[in-house]
Amino acid sequence: MLILDGLPDRPLNGKTPLTVAKKPNLDGFAEIGINGIMDTISPGIRPGSDTSHLALLGYDPYRYYTGRGAIEALGAGIDLKPGDLAFRANFATVHGNGSIFDKVVVDRRAGRIENTEELVKALKDIDLPVDFEIARATGHRAVVVFRGNFTEEVTDTDPKVVGEKVKRCKAKKDEVSKIINDFIQKAHEILEKHWINEERAKNGLPKANALLLRGAGVMKEVPSFKERFGLKLKVISATALIKGVGKLVGGEVFTPPTATGNKDTDINAKIQSSIEALKTKDVVLLHIKAPDELGHDRDFNGKVRFVEKFDSYLPKLLELDLSKHCLIFTSDHSTPVKVGEHTADPVIVSIVYEDVRKDEVKVFNEFEAVKGGLCRIRGTEILKIALDLLNLTEKFGA
Ligand code: ZN
Ligand code: ZN
């Protein structure tokens with residue numbers, strides 16, 4: 001399953017990046033396959049990349065989604081148990097007097113601080129009534145996990161805008177919010193005095209003197225892919241969020257060392273490792289992030305250029321025996337350049353397999369896919385359709 005994140009678009013002067021791009025290989029696969037459009041969650045629902053990937057792997061996101069914090073924590077390599085409470089965190093700069101909750105956020109990214117290793121290390125000794133873990137993520141980001149039997153969602157401490165005070169975490173149980181708020185205060189005290197921040201201040205850089213928490217999620221009991229489908233899954237991605245989804249469903253997760261999660265990624269390495277993975281795994285999800293980034297950047301030509309470059313690597317997939325392997329070309333949602341955000345516009349699906357009921361579609365784009373034999377499907381159905389083609393499903397009824 002090849003996921004071109006955020007690739008589908010809305011027409012701009014009648015054209016989408018896919019109608020402009022020269023992509024003979026994607027078109028060729030559409031021509032030998034069955035095509036259609038897909039609402040990864042349901043019509044009119046704007047999907048996140050995490051909820052939509054869960055759906056594409058056959059998991060109803062309304063039932064199994066654990067919140068972004070938990071998924072990023074898994075992606076950052078922390079093992080979560082049901083009941084753990086996870087947050088995404090930003091190193092930020094706050095100014096003012098009094099406790100952290102009296103201070104105002106002046107930079108949500110602390111001058112886009114990169115090297116937070118020492119700061120993270122210094123926070124590990126904070127004394128709390130529960131165990132906790134903190135790990136670096138990319139740039140100014142981190143993840144924080146509080147171990148325990150948390151059952152409810154709690155609110156963010158990140159005000160999300162500069163010029164506002166750090167928020168107190170609220171929860172139904174006071175002892176829960178107290179743990180989080182104490183952590184935030186103690187972290188601030190340590191960070192404020194840390195030698196890295198003294199150095200930063202001397203050099204005129206904003207201090208990374210606060211951790212702002214958001215995206216709270218409580219880890220749930222999620223049946224593994226193996227348990228649900230009896231199949232082995234591998235997820236190939238350089239994006240923490242998607243790796244987290246892979247881990248959440250108990251899949252193996254791999255990032256080729258030269259993959260970057262942006263437009264300069266090593267496409268060849270990603271395709272090669274997917275082909276390799278199919279030797280030992282039943283289902284391989286290959287995630288390509290760049291089209292989504294370019295959609296968020298509102299870069300129409302960037303999307304065109306990336307699709308053309310990506311397409312040139314696709315002949316490698318013809319090494320696969322299409323009587324044994326089923327290929328799915330699709331996306332997790334649309335990220336139209338005019339909107340700069342995810343939208344609910346359905347995505348394109350092409351399924352390629354020797355015995356598939358091939359249709360009349362010959363071009364891979366938003367306007368042609370809708371004429372295909374798959375018609376309009378939902379995200380949670382795609383895997384079942386592929387497994388049925390491969391005769392790997394069981395009959396319902398007699
Ligand atoms: Zn996405
Ligand atoms: Zn996105």
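Model, not experiment: these values are computed from the prediction. Start at 1 and go down the list; that is how both ligands and their atoms are numbered.
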So what's near the Zn ion (ligand 2), protein N, O or S atoms under 2.8 Å? D292 OD1, D292 OD2, H296 NE2, H342 NE2
Kindly determine whether S49 and H333 satisfy side-chain hydrogen bond (donor to acceptor under 3.5 Å, both in side chains), including the steps that lead there. CA-CA 7 Å; S49 293; H333 51 78; 3.2 Å; yes
Please report the closest heavy-atom contact between S42 and R378, naming both atoms and the distance. CB-NH1, 3.5 Å
Looking at D332, pick out the N, O or S atom nearest to the Zn ion (ligand 1) and give its name. OD2
So CG of L318 and CZ of F29: to nearest 0.5 Å the spacing works out to 4.0 Å
Below 30° counts as parallel, above 60° as perpendicular, anything between as tilted: where do the rings of F150 and F146 land? perpendicular
Any donor-acceptor N or O pair under 3.5 Å, side chains D321, H325: no
Looking only at non-hydrogen atoms, find the nearest pair between L390 and C326 and report the distance. CD1-CB, 3.8 Å
